[in-house]
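Note that this is a predicted model, so its numbers are computed, not measured. Values below: all heavy atoms of this structure, side chains included; hydrogens, waters and symmetry mates excluded.
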Amino acid sequence: MSGSIIGSISDRPLQTQQAAKRRLRQIVRERYAAADRAGVKVASDHVMQALEQLPEFIAARCVALYWSLPGEVETHAFAEKWRHEKQVLLPVMHGDGLLLYPFTGREHLVQRRFGVWEPDPEAPFSALPGTPVPDTTSEHTPNRKSLLAAHTTQVPRTNPPQAQPTEPTELTGRDPDPDLIVVPAVGFDPQGSRLGHGKGFYDRLLPGTQALKVGICFDFQLFEHIPAEEHDVPMDRIIAGSRDRSVLYLCDKNDAYR
């Protein structure tokens, strides 16, 4: 794994934003394929250690994470660790949007589209102390579906120019909006621009939340510039990790701290 935090962009001319994004995705795939797996694991550890030291994370009562896939900063152990201390939410694909469901352990995850593991809406929901749960006269333990029905808030969002409205983005949990959301990506730049997989799930989710947005990635996923469109929502913080260290970028201040 490279010790460099800023990845270099190929000098090959890119004529359009979409062509540039496709090229950057290919670069990241090549870098991940060439990366040492032990180094990737150490880099993930550095990133997650830096995340849990953020003052905003420490203060957060409700945190939205993601359940990582190969090629992403590994979040499994982190989610298991912190679900006992905070309300942890994970995304669930709903049409072309995302819902955020409470995470209550990997045994309550099911594998769905694109190989993504998501909370099972039918699994029992065990609330943290002080977390509201739906009133019920049933003898059965409330599950995530009943929690969603009782506590879901429809959040207005800004659609991309000329885009037609789709399913409303909904957020659920202890609070209708998490305090902090951890966002995966194919790539980031230090200014907070994000390159996703092109499906638009987070593009539809992020405009509807006031949560602090923290992008996490490996050093080989960080570029000097990511082409951004008008509707793209920038990150507030980015944490990039390598075998040797992690670097925190304060995107609104263009500052970096090791």
Side-chain angles (χ1 to χ4, degrees), residues 6-7 9-10 14 16-33 35 40 43-44 47 51 64-75 89-100 112-118 155 157-171 178 180-209 211-241 249 251:
I6 297 287
I9 298 178
S10 171
L14 301 172
T16 68
Q17 284 194 343
Q18 293 306 313
K21 290 180 177 181
R22 287 193 297 270
R23 176 58 181 153
L24 294 180
R25 291 187 183 105
Q26 179 62 32
I27 289 172
V28 170
R29 285 194 293 269
E30 293 170 358
R31 290 176 176 176
Y32 179 73
V40 166
S44 284
V47 170
L51 174 62
L65 297 174
Y66 65 91
W67 194 258
S68 56
L69 293 172
E72 297 177 331
V73 173
E74 206 280 336
T75 62
L89 308 177
L90 293 181
V92 173
M93 286 175 279
H94 181 70
D96 62 354
L98 293 176
L99 305 178
L100 295 177
R112 299 198 186 278
R113 281 187 287 168
F114 313 118
V116 176
W117 290 85
E118 303 175 341
V155 182
R157 70 164 186 265
T158 303
N159 290 300
Q162 300 179 342
Q164 295 299 315
T166 56
E167 292 281 341
T169 296
E170 297 171 307
L171 304 173
L180 183 149
I181 182 167
V182 178
V183 183
V186 176
F188 292 105
D189 67 25
Q191 294 73 46
S193 296
R194 175 182 176 271
L195 174 67
H197 291 279
K199 305 295 184 183
F201 287 107
Y202 278 91
D203 292 335
R204 287 180 279 274
L205 175 69
L206 294 177
T209 176
L212 186 83
K213 301 164 185 66
V214 182
I216 60 175
C217 66
F218 300 113
D219 65 339
F220 56 78
Q221 295 176 285
L222 195 66
F223 294 90
E224 294 176 357
H225 175 69
I226 296 289
E229 300 180 43
E230 184 177 350
H231 64 272
D232 289 337
V233 176
M235 300 295 101
D236 301 302
R237 307 283 188 273
I238 290 172
I239 304 173
Y249 291 87
C251 302

What pair of heavy atoms forms the shortest contact from [X] to [Y], and how long is it?
{"X": "A240", "Y": "L222", "result": "CB-CD2, 4.1 Å"}
{"X": "V233", "Y": "P207", "result": "CG2-CG, 3.7 Å"}
{"X": "W67", "Y": "E72", "result": "O-OE1, 4.4 Å"}
{"X": "S193", "Y": "A228", "result": "OG-CB, 3.8 Å"}
{"X": "K213", "Y": "L206", "result": "CE-O, 3.6 Å"}
{"X": "A43", "Y": "F218", "result": "CB-CD2, 3.8 Å"}

What is the distance from atom [atom1] of [X] to atom [atom2] of [Y], rounded to the nearest 0.5 Å?
{"X": "R113", "Y": "K199", "atom1": "CZ", "atom2": "NZ", "result": "9.5 Å"}
{"X": "L89", "Y": "L180", "atom1": "CG", "atom2": "CG", "result": "11.0 Å"}
{"X": "D203", "Y": "R194", "atom1": "CG", "atom2": "CZ", "result": "6.5 Å"}
{"X": "D189", "Y": "L195", "atom1": "CG", "atom2": "CG", "result": "10.0 Å"}
{"X": "L212", "Y": "R237", "atom1": "CG", "atom2": "CZ", "result": "5.0 Å"}
{"X": "I239", "Y": "F188", "atom1": "CD1", "atom2": "CZ", "result": "10.5 Å"}

Side chain proximity check, [X] to [Y], heavy atoms < 4.5 angstrom:
{"X": "L205", "Y": "V183", "result": "no"}
{"X": "F223", "Y": "V28", "result": "yes"}
{"X": "M93", "Y": "L98", "result": "yes"}
{"X": "C251", "Y": "D236", "result": "no"}
{"X": "V182", "Y": "T75", "result": "no"}
{"X": "L24", "Y": "H225", "result": "no"}
{"X": "F114", "Y": "L69", "result": "no"}
{"X": "H197", "Y": "V186", "result": "yes"}

Legend entry - By side chain to side chain contact (heavy atoms under 4.5 Å, CB included) - contacts of Q26 (at least two apart): R23, R29, E30

Inset, instruction - Measure up the F220 and Y32 rings against each other and bin them: parallel (under 30°), tilted (30 to 60°), perpendicular (over 60°). - result: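 The rings of F220 and Y32 sit tilted, inter-plane angle from 30° to 60°.
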
Legend entry - Polar side-chain atom of R25 near backbone of G187 as donor-acceptor pair, under 3.5 Å: no

